[in-house]
Amino acid sequence: MAKSKDLDFDTKVIHVGGDPDPVTGSIMPPIHQTSTYVQKAPGVHYGYEYTRSHNPTRDRLEECLASLENAKFCLVTSSGMAAVSLILHTAPKGANIVCGDDVYGGTNRLMRTVFDKQIDFTFVDTTDLKKVEQSLKDKKPYLLWLETPTNPLLKVSDIQKISKLCKKYKALLVVDNTFMSPYFQRPLDLGADLVVHSVTKYLNGHSDVVGGAMMTNNKNLHEKLWYLQNSMGPSQSPFDSWLVLRGLKTLAIRMQRHEENAIKVVKYLEGHKKVEKVIYPGLKSHPQHSLAKKQMSGFGGMITFYIKGGLKDARSFLKKVKVFKLAESLGGVESLSNHPGIMTHASVPLEMRKKLGISDTLIRLSVGIESPKDLIADLEQALK
Ligand SMILES: *Cc1c(COP(=O)(O)O)cnc(C)c1O
C-alpha cells in the first residue's frame with residue numbers, strides 16, 4: 001500500500017494501522033487483550049514486555065492518529081484528562097504556564113486546583129494577540145495552552161500567529177484540537193508543537209469509550225511523555241483502543257454530516273424568536289469568522305446559543321428536548337444538549353464564568369448525524 005503520508009485523510013482513517021493480521025489474514029486487527037508477553041530468554045522478546053508500556057492494538061491506533069494530525073508520534077491515554085495531566089507533568093518545578101481563559105472546564109480545574117502547587121498559571125484571552133504577547137513577555141512560560149474553538153463559547157484563536165509568538169519567546173505551543181478533530185483543523189501544520197485530544201469525543205465518535213491522545217513531531221517531547229505515561233500508568237486498554245480504531249473509520253463522513261446538520265440547525269435557531277443569539281464559527285456574525293475560514297477546513301458540529309428569558313427558560317428547553325439528549329460530552333453520533341453553567345463548566349469559578357459570558361441562558365448543542373428534519377422538529381417542540 002502507498003505510504004500513509006501520500007494517502008488522503010478519508011483513506012487514512014480506514015487503512016493506516018490497519019494492515020491485516022499477518023498470521024490469519026483477518027481484515028480487522030486482533031484485540032491483544034493481554035497484560036504481559038512471553039519472553040524467549042530473559043530480555044529476549046518480540047518488542048513487547050508489558051501492556052502499560054506497549055500493546056500492539058494500541059500501537060495501531062497510535063499509528064493511525066499520528067498520521068491524521070501529520071505527526072510522527074502519538075500516545076493514547078485512558079482519558080483526555082490523563083493526556084492533559086501528562087503534558088503538565090513535563091513542566092519543570094516552578095514553571096509558568098499561560099492558558100486560554102475559555103477552555104474545557106476540567107482543564108481549568110486541573111490547572112487551578114491540582115497543578116497549582118508546582119506551576120503558576122495565567123489565563124488570557126487568546127483571541128487577543130497583544131494580550132498573548134504581553135503574557136509571553138511577562139511570564140516567560142514553559143508552554144502556552146490553546147483551545148480553538150473554545151468550549152463553550154467557540155472563540156477562535158490564530159494558531160499560526162500564536163505559534164510564531166511562542167517561538168519568539170521560547171514557549172511550547174499545545175493545542176487542544178478536540179472540537180474540530182484533525183478532519184477540520186491540523187494545528188501541527190500551523191506551527192503547534194503538540195496536539196492533545198479527548199478521544200472520547202469526535203475521534204471515537206460513538207460515546208462508548210473514554211480516551212485521550214497526544215501527537216507531536218518533537219521526538220524529545222514524545223519520549224518525555226512516554227516515560228511519564230509508562231511511569232504513571234494512564235495507558236489506554238487494548239479493548240478501548242480497538243473500539244476507537246473501529247470508530248475512526250467513519251470519522252471523515254461523520255464530520256461532514258455533523259457540519260451539514262449543524263449549519264441547518266444554526267439557520268433554524270437564528271430565525272427563531274425565542275433565541276437571543278447563536279454562536280457558530282461559520283456565521284458571518286462570528287467575531288473570528290474570517291480567521292475560522294482560513295484556519296479550519298470546516299466549522300464543525302458544535303453550536304452555542306443564548307435562549308431568551310432566564311434560567312427557567314433554559315431549564316424548560318433542556319427538559320423538553322427528546323432527540324438532543326441532555327448530557328455532558330460531545331462529538332458522538334447522537335445529538336446532545338448541555339447547560340455549561342450547571343453541567344460541564346460548573347467547576348469554573350462564578351466570577352470567571354460571568355466574565356466570559358457563560359450565563360444562565362447559555363445552551364450548548366453537539367449536533368449529531370441524525371436526520372436534520374428530526375433534529376429541527378425536536379428543537380421546535382422544545383422551544384414552544
Ligand atoms: C472532554 C474534553 C477534555 C477531557 O477529556 P476526557 O476524555 O473527558 O478526559 C479535554 N478537552 C476538551 C476540549 C474536551 O471536550
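Residue numbers start at 1 and run along the sequence shown. Both counts, for ligands and for their atoms, begin at 1 and track the order of listing. This structure is a prediction, so every number in the text was calculated from the model and none was measured.
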Side-chain donor-acceptor contacts of residues 310-322 below 3.5 Å, not counting sequence neighbours, with atom names and distances?
{"from": "D313", "atom 1": "OD2", "to": "G310", "atom 2": "N", "distance (Å)": "2.8"}
{"from": "K320", "atom 1": "NZ", "to": "K384", "atom 2": "O", "distance (Å)": "2.9"}

Discussion item. We want to know whether E276 and T361 form a side-chain donor-acceptor pair, criterion being a heavy-atom distance below 3.5 angstrom.
Written reply: no

Practice prompt. Give a yes-or-no answer on whether the side chains of N218 and K224 include a donor-acceptor pair shorter than 3.5 Å.
Written response: no

Show the distances, to 0.1 Å, for all pairs joining an N/O atom of ligand 1 and a protein N/O atom that are shorter than 3.5 Å, listing one pair per line.
{"from": "ligand 1", "atom 1": "5 (O)", "to": "S198", "atom 2": "OG", "distance (Å)": "3.0"}
{"from": "ligand 1", "atom 1": "7 (O)", "to": "G80", "atom 2": "N", "distance (Å)": "2.9"}
{"from": "ligand 1", "atom 1": "7 (O)", "to": "S198", "atom 2": "OG", "distance (Å)": "2.8"}
{"from": "ligand 1", "atom 1": "7 (O)", "to": "T200", "atom 2": "OG1", "distance (Å)": "2.6"}
{"from": "ligand 1", "atom 1": "9 (O)", "to": "G80", "atom 2": "N", "distance (Å)": "3.0"}
{"from": "ligand 1", "atom 1": "9 (O)", "to": "M81", "atom 2": "N", "distance (Å)": "2.8"}
{"from": "ligand 1", "atom 1": "11 (N)", "to": "D176", "atom 2": "OD2", "distance (Å)": "2.7"}
{"from": "ligand 1", "atom 1": "15 (O)", "to": "K201", "atom 2": "NZ", "distance (Å)": "2.7"}

Worksheet item: Between H258 and Y202, is the gap from one ring center to the other below 6.0 Å?
Response: yes

Fill in: For S67, side-chain hydrogen bond (donor to acceptor under 3.5 Å, both in side chains) partners two or more places apart
none

Could you give the side-chain donor-acceptor pairs of residues 155-166 under 3.5 Å, partners two or more places apart or in another chain?
{"from": "K155", "atom 1": "NZ", "to": "D101", "atom 2": "OD1", "distance (Å)": "3.3"}
{"from": "S157", "atom 1": "OG", "to": "T126", "atom 2": "O", "distance (Å)": "3.2"}
{"from": "S157", "atom 1": "OG", "to": "T126", "atom 2": "OG1", "distance (Å)": "2.8"}
{"from": "D158", "atom 1": "OD1", "to": "Q160", "atom 2": "N", "distance (Å)": "3.2"}
{"from": "D158", "atom 1": "OD1", "to": "K161", "atom 2": "N", "distance (Å)": "3.0"}
{"from": "S163", "atom 1": "OG", "to": "Q160", "atom 2": "O", "distance (Å)": "2.9"}
{"from": "S163", "atom 1": "OG", "to": "L190", "atom 2": "O", "distance (Å)": "3.3"}

